[in-house]
Structure formats: C-alpha cells, structure tokens
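Let me begin by presenting the structure, written as structure tokens, before commenting on it.
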Amino acid sequence: MKNILGTVSVIILATILVPEFPNGAHADTCASAPVVARGEESRFEWSAKAKTRANWRAKVRAMTTLGPDYANWGRAQDTEERCMTGPKGTVCIFAGTPCRR
C-alpha cells in the first residue's frame with residue numbers, strides 16, 4: 001500500500017511540475033495559399049511528374065515570403081497532381097500548400 005501511494009504521489013507531482021507543450025509544438029508551418037506549377041511535356045509520365053515537381057519547388061524557392069525552407073513537395077499539404085496525356089506526350093499540373101518543419 002505504501003508503494004502504491006508513493007507511486008501515485010510521484011505521478012501527481014510529475015504532472016504538476018512538468019510543463020505542458022503547447023499544441024502544435026512540432027506541427028508544420030504552412031503557407032496561407034497553395035502554389036500551382038505546370039511542367040513541360042514529356043514522353044513519359046514519370047518524367048513529366050519530375051519536371052513539374054521541380055518547377056513547383058523552383059516557384060516556391062523564388063517566392064520572397066516562402067523560400068527554400070518551404071520547397072519540399074513531400075511536406076506540402078492538400079496536394080493535387082493532375083497529368084494529361086496527348087499525342088505529344090504527358091503534361092502535369094501540381095498544386096499544393098508549401099509547408100516547413
């Protein structure tokens with residue numbers, strides 16, 4: 001019984017003394033609006049996607065309010081990838097809200 005009371009006392013004391021982290025302490029910081037980029041035509045869809053992703057990153061890096069810290073497509077939120085294939089090849093358009101960690 002003495003050990004249980006000691007353990008409970010330690011838990012109560014720890015919850016009082018340990019500061020609580022604010023919500024979103026590790027959350028991403030995101031731009032207020034999505035960025036849209038179009039790629040060049042390519043014979044292969046994978047290449048069209050790579051070109052479009054590179055254009056999106058370049059566009060985000062060039063924005064003075066965002067910059068290179070936001071230019072990671074993998075961290076972007078609300079992403080949309082659209083690719084259209086025609087007789088001349090595949091063209092993609094990517095939209096996503098840039099985020100940084």
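- Residues Arg61 and Ala71 share a closest heavy-atom pair of CG-CB, 3.5 Å.
- With a 4.5 Å cut-off between side-chain heavy atoms of Ile, Leu, Val, Met, Phe, Trp and Tyr, the cluster of Tyr70 takes in Val35, Trp56, Val60, Met63, Leu66, Trp73, Phe94.
- One finds the SG atom of Cys92 at 7.5 Å from the CD atom of Glu81 (value rounded to the nearest 0.5 Å).
- Between Asp69 and Arg100, the closest heavy-atom pair is O-CB, 3.2 Å.
- In this structure, OG1 in Thr90 is found 10.5 Å from NZ in Lys51, a value given to the nearest 0.5 Å.
- Proximity of Cys83 to Lys49: side-chain heavy atoms (C-beta onward) are separated by under 4.5 Å at one or more points.
- Going from atom OG1 of Thr52 over to atom CZ of Arg57 covers 10.5 Å, rounded to the nearest 0.5 Å.
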Donor-acceptor pairs are to be reported for all side-chain atoms of residues 39-48 against protein atoms at under 3.5 Å, with residues two or more places apart or in another chain.
from, atom 1, to, atom 2, distance (Å)
Glu40, OE2, Asn55, ND2, 3.0
Ser42, OG, Phe44, N, 3.4
Ser42, OG, Phe44, O, 3.3
Ser42, OG, Ser47, OG, 2.9

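- Taking 4.5 Å as the limit, some side-chain heavy atom of Ile93 sits within range of a side-chain heavy atom of Met84.
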